[in-house]
Amino acid sequence: MRLAHITAKDFDLARSLDSGQVFHWENRGAGYVGTIGAKAVYVEQLGERLFFAGVTAKVLARYFSLDHPLAEICRALPSDPAMTAARDFCQGLRIIRQPRWECLATFITSSMKQVAHIRQMSQALRRRFGARKTISGSHVHAFPGPARLASATEKELRECALGYRAKNLLATARLVASGEANLEEWRSLPDDALRSRLCELPGVGAKVANCVMLFAFERLRAFPIDVWIERVLKEKYFPRKRKVTPQQLRAFSESYFGEQGGYAQQYLFHHARKGGGR
DNA sequence: CTCCAGGGATGAT
DNA sequence: ATCATCCATGGA
């Protein structure tokens, strides 16, 4: 297959795909196969070029947020030791623009699960309910739409190893499929209102809502606090304090990281997980 | 085997 | 408002 290519500066494909944002891309040869929306995609990186097939250059560049001014964003990050180390470790890691429903559904399944298992559940859902596609000799599956999952039974979802999360995913799929929850309309809401709406959905609390805001609604201030980030914040920014409440962590992260909260959080998260940073 | 994971919902202080 | 408990499952 003949591949098209585009230039991608300040971008590390492998690092971005392996940073716990998206859970379905798989290694194939020198690159990766996956889906962007309903399209099957192959993509590989050679230096500052992305070689790809399956989508237009415009769709690919948008998905990988090649328009984000990464150098500028990194300069604007706080320059404390923890943040500097994370930033150096995460060069080229970009926040990916995910399809809204796919991101929401995937993070509903993510609660109390390791990244490896989120990948498993994503793949099981795709294989069982998603449209099968072929790209450069590989088979991939699109993520099933809300209507498809809404028509499934809780038992079928549990068979994808969702456990107690099956009930929440099913209930949310029904709300979205019925139009009672309109993710596209919510794009125009300010951050706080959007977060409130997301938190009304079964299986969505502040953490998942912030992930969806960051990864699917382009809210780059959103700062999801999971167990990893909680540890990092306590160790690096509240050294030897006995009681640090979730409330304090939230207030601190919002004021300290501010506009760059999303990238700051993702870099701290990835560094903590992959950096061997104890 | 035990421990823990990109948490959320519910009910008791 | 904070705290405790339960919820399934599988990787480490």
Side-chain angles (χ1 to χ4, degrees), chain A residues 15-25 86 89-90 93-96 98 102-125 128 152-173 175 181 195-217 219-236 241-251 253 257 261-278:
Chain A
R15 187 168 286 156
S16 299
L17 292 180
D18 189 35
S19 61
Q21 304 182 60
V22 287
F23 304 91
H24 69 285
W25 291 89
F89 183 78
C90 295
L93 199 174
R94 286 175 183 266
I95 302 290
I96 295 171
Q98 298 183 43
E102 175 180 324
C103 180
L104 170 62
T106 302
F107 275 96
I108 284 175
T109 70
S110 75
S111 90
M112 292 304 293
K113 276 298 183 187
Q114 297 177 152
V115 170
H117 194 231
I118 301 170
R119 295 179 62 88
Q120 261 181 247
M121 292 184 291
S122 167
Q123 189 171 48
L125 288 170
R128 178 145 189 176
T153 65
E154 184 180 330
K155 178 171 177 292
E156 288 177 311
L157 297 184
R158 280 180 180 266
E159 284 166 5
C160 296
L162 294 193
Y164 63 88
R165 304 158 192 83
K167 184 190 299 285
N168 290 329
L169 180 57
L170 181 56
T172 293
L175 288 172
R195 188 180 293 103
S196 297
R197 301 314 300 266
L198 288 168
C199 285
E200 291 171 4
L201 299 171
V204 180
K207 190 272 173 182
V208 168
N210 279 321
C211 284
V212 175
M213 289 173 66
L214 177 58
F215 300 136
F217 282 87
R219 307 305 169 101
L220 296 184
R221 305 181 53 110
F223 194 97
I225 300 178
D226 71 325
V227 292
W228 288 91
I229 289 296
E230 184 178 337
R231 272 200 297 267
V232 171
L233 290 181
K234 285 179 176 174
E235 285 180 15
K236 307 295 186 185
K241 282 224 146 87
R242 276 196 305 110
K243 291 280 189 180
V244 186
T245 67
Q247 179 67 241
Q248 289 175 286
L249 292 180
R250 186 187 59 75
S253 61
F257 297 106
Y263 268 96
Q265 181 277 160
Q266 190 60 22
Y267 285 8
L268 291 170
F269 173 80
H270 185 64
H271 185 225
R273 271 190 70 235
K274 298 286 190 174
R278 207 188 48 79

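Each chain gets a letter, A, B and so on, in the order its sequence line appears, and its residues count up from 1.
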Judged by each residue's nearest nucleotide on DNA chain B, which is more toward the 5′ side, A:Q21 or A:E200? A:Q21
Show your working on ring pair (Phe, Tyr, Trp, His ring centres under 6.0 Å) between A:F269 and A:F223 and close with a plain yes or no. CA-CA 11 Å; A:F269 173 80; A:F223 194 97; over 10 Å; no
Classify the nucleic acid contact of A:L201 as base, sugar-phosphate or nothing, counting any heavy atom under 4.0 Å across all strands shown. sugar-phosphate
Phosphate OP1/OP2 of C:dT9: any A:Q114 side-chain N/O under 4.0 Å: no
Counting C-beta onward and ignoring hydrogens, is there a side-chain heavy-atom pair between A:L169 and A:L125 closer than 4.5 Å? yes
Could you give the distance separating C:dG10 and B:dA9 at their C1' atoms, to the nearest angstrom? 23 Å
NA contact type, A:A166, heavy-atom cut-off 4.0 Å: base, sugar-phosphate, or nothing? nothing
First encountered from the 5' end of DNA chain B, between A:F269 and A:C199: A:F269
Proximal nucleotide (of C:dC3, B:dA5, C:dA8) relative to the A:K243 side chain: C:dC3
Just the rounded figure in Å: distance from C1' of B:dG7 to CH2 of A:W228. 16 Å
Heavy-atom donor-acceptor pair, A:E102 side chain to A:A216 backbone, under 3.5 Å: no
Look at the side chain of A:R158 and the base of C:dA8, then say whether one donor and one acceptor between them are separated by less than 3.5 Å. no
Interatomic distance at P, C:dA8 relative to B:dG11, whole Å: 16 Å
Could you state the OH-P distance from A:Y164 to C:dT5, rounded to the nearest angstrom? 17 Å
If the cut-off is 4.0 Å, is A:R231 near the phosphate of B:dA5, judged by side-chain N/O to OP1 or OP2? yes
Decide yes or no for A:N210 and A:R219: does some side-chain heavy atom of the first lie under 4.5 Å from some side-chain heavy atom of the second? no
Base, sugar-phosphate or nothing for A:Q266? Non-hydrogen atoms, less than 4.0 Å. base
Whether A:Q98 side chain and A:Q21 backbone form a donor-acceptor pair below 3.5 Å: yes
Quick note, A:R165 side chain, CB onward, closest among C:dA8, B:dG8, C:dG10 is C:dA8
Which part of the nucleic acid does A:S19 contact within heavy-atom distance under 4.0 Å: base, sugar-phosphate only, or nothing? base
